[in-house]
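Right, one structure below, let's go through it.
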Amino acid sequence: MKNEFYITTTLPYVNAAPHIGFASEIVLADVRARFERLQGKEVIFNTGTDEHGSKIWQKAQEERMDTQAYVDSYAAKFDELKEMLELSYTNFIRTTDENHKKAAQELWKRVDANGYIYKKQYRIKYCVGCELEKTDSELIDGFCPLHPGKELEIIEEENYFFKFSALQEKLLKLYRSNPEFVVPNKKFNEIKSFVEMGLEDFSISRLKSKMPWGVPVQNDDTQVMYVWFDALTNYISTLGWPDNQENFQNFWGTVESPNAIQIAGKDNLRQQSAMWQAMLLAADLPTSKKVFINGFIGVDGQKMSKSIGNVISPAEMVERFGIDGTRYLLITKGTFGEDNDISWEKMITKYNADLANGLGNLTSRVVKLSENLNLEIEKKDVIFEENNIRLMENFDVDKVLENIWLIVREDNKYIEDTKPWELAKKDEVKFNKVMEKLINDLNLISEMLIPFMPETSEKIKKALKTKERVILFERIK
RNA sequence: CGCGGGGUAGAGCAGUUUGGCAGCUCGUCUGGCUCAUAACCAGGAGGUCGCAGGUUCAAAUCCUGCCCCCGCAACCA
């Protein structure tokens with residue numbers, strides 16, 4: 001059994017503050033990383049920031065900031081999530097890091113050496129009104145929707161292209177031989193049919209004269225890499241590839257035995273499970289082992305957006321629910337892979353029901369009842385049983401929490417049925433026996449909570465030991 | 001005939017792969033308890049599983065048609 005575990009989130013693009021969708025992705029990855037550590041694995045958990053590309057460059061220009069200073073400030077904002085959500089990532093890669101740029105250039109070189117890169121004239125449609133490039137899908141009747149009637153300029157530009165089309169068969173073979181390559185299955189079907197329909201080569205460079213903010217293309221001063229080609233490389237540059245082969249093989253894996261787990265939002269299905277895999281195949285590198293695709297979070301039945309004004313930030317959640325409350329709510333928002341709908345109202349209800357009234361109140365009851373006892377806590381060898389391990393490995397983490405909460409309910413009922421506060425006065429033997437079960441159950445709960453709510457897990461253990469009254473989660477409103 | 005997802009109790013969701021008494025949380029009603037964070041426990045009410053056909057001993061689940069909602073439509077991170 002391989003002892004090294006590698007998991008990575010996608011790298012958020014630094015043109016906006018961290019939002020809750022990414023927070024949910026990274027918390028899920030964190031739960032998995034902590035779980036694997038508990039199982040005795042050596043874990044590399046990667047995240048970071050994607051910092052190149054025209055949008056960032058333009059934004060920095062608008063704000064009259066030095067581009068590097070601009071991305072530095074955003075990278076810091078994302079790194080703040082580590083403390084804010086008590087994340088345990090081991091690597092934080094920035095695509096402006098020197099070693100990353102070198103890795104991206106090396107990957108380019110290998111893909112090129114294998115004949116998957118070529119140069120061609122590329123025609124773009126440019127709206128003078130917006131001063132922006134437009135794709136056909138953005139146009140209505142051939143005009144920019146914001147400037148109807150204004151003719152679009154056709155600009156010819158020479159760019160490098162990636163022969164995505166030539167990798168269709170290899171990708172399909174990868175999918176065929178790994179029936180769970182993308183989870184959930186419906187997302188896998190979607191990407192399979194996308195690849196089956198045929199692939200179009202895509203441009204992987206930009207003219208430096210128009211947009212200098214990118215990794216330079218070697219041996220061609222006029223071009224920089226298109227942001228996706230550069231950004232995707234982070235998953236291996238973070239491991240020290242190409243220099244550190246040992247680290248790379250241990251964690252990313254080998255062609256025979258890939259080892260890397262990726263988690264991404266559904267907007268990244270194509271990039272992660274097709275484009276990136278094709279790039280790896282084109283360079284004769286091992287592919288990922290599995291790509292987990294998460295759904296989107298909606299608020300009150302609507303898409304989260306600035307114009308609607310319903311954006312919820314992780315910082316706001318932490319302010320209201322605390323770190324572990326926020327982690328709990330993000331993990332239990334719904335089935336992995338589905339779109340989930342949240343609202344403040346629903347979150348407060350769930351927080352009060354599960355955390356304050358459920359786990360928190362049970363802890364208070366047990367701690368108070370055990371005040372004058374000194375019982376030995378049983379050491380459990382097995383914390384997670386087979387079926388929970390399977391659920392964890394499939395990112396059905398909300399179901400594992402449901403299983404933990406079954407114990408919470410069972411114990412509340414058990415207290416009701418056995419009435420330990422009465423037993424304490426008249427039947428010490430029985431009282432001890434009842435309390436033994438309750439204390440051991442609560443201890444088991446605290447062990448199982450380590451990957452999900454590390455701080456709460458500690459608090460419960462401490463309360464069981466010191467018998468000091470503890471409010472784990474204050475009721476809201 | 002562009003692609004995909006969804007329509008299950010007042011609300012939010014699971015169950016559909018592999019057909020077998022329709023389940024969970026919240027809310028609501030009634031009762032109980034007092035160790036506990038006005039928390040906890042028991043019981044009840046509440047659903048023609050979007051609509052119409054079909055297959056089957058049996059359909060939320062499989063097949064056909066239709067209606068409604070929501071995303072995406074490739075170089076947009």
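Lettering follows sequence order; numbering is per chain, from 1. No experiment lies behind these values; they were computed from the predicted model shown.
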Checklist entry - Hey, does A:G334 reach any base, or is it just sugar-phosphate, or nothing, if we go heavy atoms under 4.0 Å? => result nothing
Checklist entry - Of A:R365 and A:A353, whose closest RNA chain B nucleotide lies nearer the 5' terminus? => result A:A353
Checklist entry - Do side-chain atoms of A:N178 reach the backbone of A:L174 as a donor and acceptor pair under 3.5 angstrom? => result yes
Next on the checklist: Rounded to whole Å, please give me the gap between CG in A:N189 and P in B:G5.
Outcome noted: 8 Å
Checklist entry - Using the C1' atom in both, what is the distance from B:C3 to B:A73, to the nearest Å? => result 7 Å
Checklist entry - How long is the line joining NZ of A:K419 and P of B:G32, in whole Å? => result 13 Å
Checklist entry - Taking the same atom, P, in B:U25 and in B:G44, what whole-Å distance lies between them? => result 14 Å
Checklist entry - Which is true for A:K55 with a 4.0 Å heavy-atom rule: it touches a base, it touches only sugar-phosphate, or it touches nothing? => result sugar-phosphate
Checklist entry - Does A:W344 have A:R320 sitting over its ring (NZ/CZ under 6.0 Å from centre, angle to axis within 45°)? => result yes
Item to check | Distance, P atom - from B:G27 to B:A11, rounded to whole angstrom | outcome: 16 Å
Next on the checklist: Just the rounded figure in Å: distance from P of B:A11 to NZ of A:K350.
Outcome noted: 18 Å
Next on the checklist: Strictly below 4.0 Å, N to O, side chains only: are A:R94 and A:E51 in salt-bridge contact?
Outcome noted: yes
Checklist entry - When you compare B:C49 with B:A14, how far apart are their C1' atoms, in angstrom units rounded to a whole number? => result 13 Å
Item to check | Euclidean distance for P, B:G50 against B:C35 (whole angstrom) | outcome: 48 Å
Item to check | Whether A:W421 stacks on the six-membered ring of B:C35 base, 5.5 Å and 30° limits | outcome: yes
Checklist outcome for this item: Of A:T10 and A:E474, the one whose nearest nucleotide on RNA chain B sits closer to the 5' end is A:E474
Checklist entry - Which nucleotide in the list B:C76, B:C35, B:A74 gets nearest to the side chain of A:K368? => result B:C35
Item to check | Selected nucleotide, minimal atom distance to A:T335 side chain, candidates B:C13, B:C35, B:C40 | outcome: B:C13
Checklist entry - Hey, is the side chain of A:T349 poking within less than 4.0 Å of OP1 or OP2 on B:C26, counting only N and O atoms? => result no
Next on the checklist: From CD of A:E190 over to P of B:G6, roughly how many Å is that when rounded to an integer?
Outcome noted: 11 Å
Checklist entry - A:Q271 has an atom CD; how far is it from atom C1' of B:C76, in whole Å? => result 9 Å
Checklist entry - Under 4.0 angstrom, heavy atoms only, what part of the nucleic acid is A:N361 near: base, sugar-phosphate, or nothing? => result base
Next on the checklist: Can you say whether a donor on the side chain of A:E416 sits under 3.5 Å from an acceptor on the base of B:G32, or the other way round?
Outcome noted: yes
Next on the checklist: Whether A:K208 and A:D220 form a salt bridge (side-chain N of Lys/Arg under 4.0 Å from carboxylate O of Asp/Glu) is what I want to check.
Outcome noted: no
Next on the checklist: Nearest whole Å is fine: how far is B:A36 P from A:I439 CD1?
Outcome noted: 16 Å
Checklist entry - What would the secondary structure line of RNA chain B be in dot-bracket form, counting Watson-Crick and G-U wobble pairs under 3.5 Å, with [ ] for pairs that cross earlier ones and | for pairs with another strand? => result .(((((((.[[[[.)....(..]]]].(((((.......))))).....[[[[[..)....]]]]])))))).....
Checklist entry - So what does A:F473 hit on the nucleic acid, given a heavy-atom distance under 4.0 Å: a base, only sugar-phosphate, or nothing? => result base
Next on the checklist: Any base atoms under 4.0 Å from A:K186, or only sugar-phosphate, or nothing? Heavy atoms, all strands.
Outcome noted: sugar-phosphate
Next on the checklist: As a test of reading the structure: which of B:C75, B:C40, B:A74 is closest to the side chain of A:F194, going by heavy atoms?
Outcome noted: B:A74
Item to check | Qualifying residue, where the test is salt bridge (charged side-chain N to carboxylate O under 4.0 Å, His left out) with A:D339 and the options are A:K333, A:K187, A:K266, A:K186 | outcome: A:K266
Next on the checklist: Using a 4.0 Å heavy-atom cut-off, does A:L199 contact any base of the nucleic acid, only the sugar-phosphate backbone, or nothing at all?
Outcome noted: base
Item to check | P spacing across the pair B:C1 / B:G7, given as an integer number of angstrom | outcome: 27 Å
Next on the checklist: Short of 4.0 Å, heavy atom to strand atom, which residues of residues 398-411 of chain A count as contacting RNA chain B?
Outcome noted: A:R409
Checklist entry - Please give, in whole Å, the distance from B:A36 C1' to A:Y414 OH? => result 17 Å
Item to check | A:D417 bridged to A:K413 by N-O distance under 4.0 Å | outcome: yes
Next on the checklist: Between A:K399 and A:E402, does any NZ, NE, NH1 or NH2 come within less than 4.0 Å of an OD or OE carboxylate oxygen?
Outcome noted: no
Next on the checklist: Using a heavy-atom cut-off of 4.0 Å across all strands, would you classify A:T363 as base, sugar-phosphate, or nothing?
Outcome noted: nothing
Next on the checklist: Please determine whether a side-chain nitrogen or oxygen atom of A:R475 lies at a distance below 4.0 Å from atom OP1 or OP2 of B:A38.
Outcome noted: no
Next on the checklist: What contact category does A:D267 fall into here, base, sugar-phosphate, or nothing, at under 4.0 angstrom with non-hydrogen atoms?
Outcome noted: base
Next on the checklist: Can you tell whether the side chains of A:K290 and A:E180 come within less than 4.0 Å, N to carboxylate O?
Outcome noted: yes
Next on the checklist: Can you tell whether the side chains of A:R176 and A:E169 come within less than 4.0 Å, N to carboxylate O?
Outcome noted: yes
Checklist entry - When we call it a touch if two heavy atoms are under 4.0 Å apart, what does A:G265 touch: a base, just sugar-phosphate, or nothing? => result nothing
Next on the checklist: Give me the distance, rounded to whole Å, that separates B:C13 from B:C70 when you measure between the P atoms they each carry.
Outcome noted: 15 Å
Item to check | Same-atom distance (P) from B:A60 to B:G53, integer angstrom | outcome: 15 Å
Checklist entry - Starting at CG of A:D341 and ending at C1' of B:G71, how long is that distance when rounded to a whole Å? => result 14 Å
Next on the checklist: Under 4.0 Å, heavy atoms only, any strand: does A:I204 hit a base, just the sugar-phosphate, or nothing?
Outcome noted: nothing
Item to check | Pair A:E190 + A:R270: basic N to acidic O under 4.0 Å | outcome: no
Checklist entry - Within 45° of the ring axis of A:Y414 and under 6.0 Å from its six-membered ring centre, is that where the NZ or CZ of A:K437 lies? => result yes
Checklist entry - Quick one: does NZ or CZ of A:R327 land under 6.0 Å from the six-membered ring centre of A:F452, within 45 degrees of the ring axis? => result no
Checklist entry - Backbone N or O of A:E316 within a donor-acceptor pair of the A:S313 side chain at under 3.5 Å? => result yes
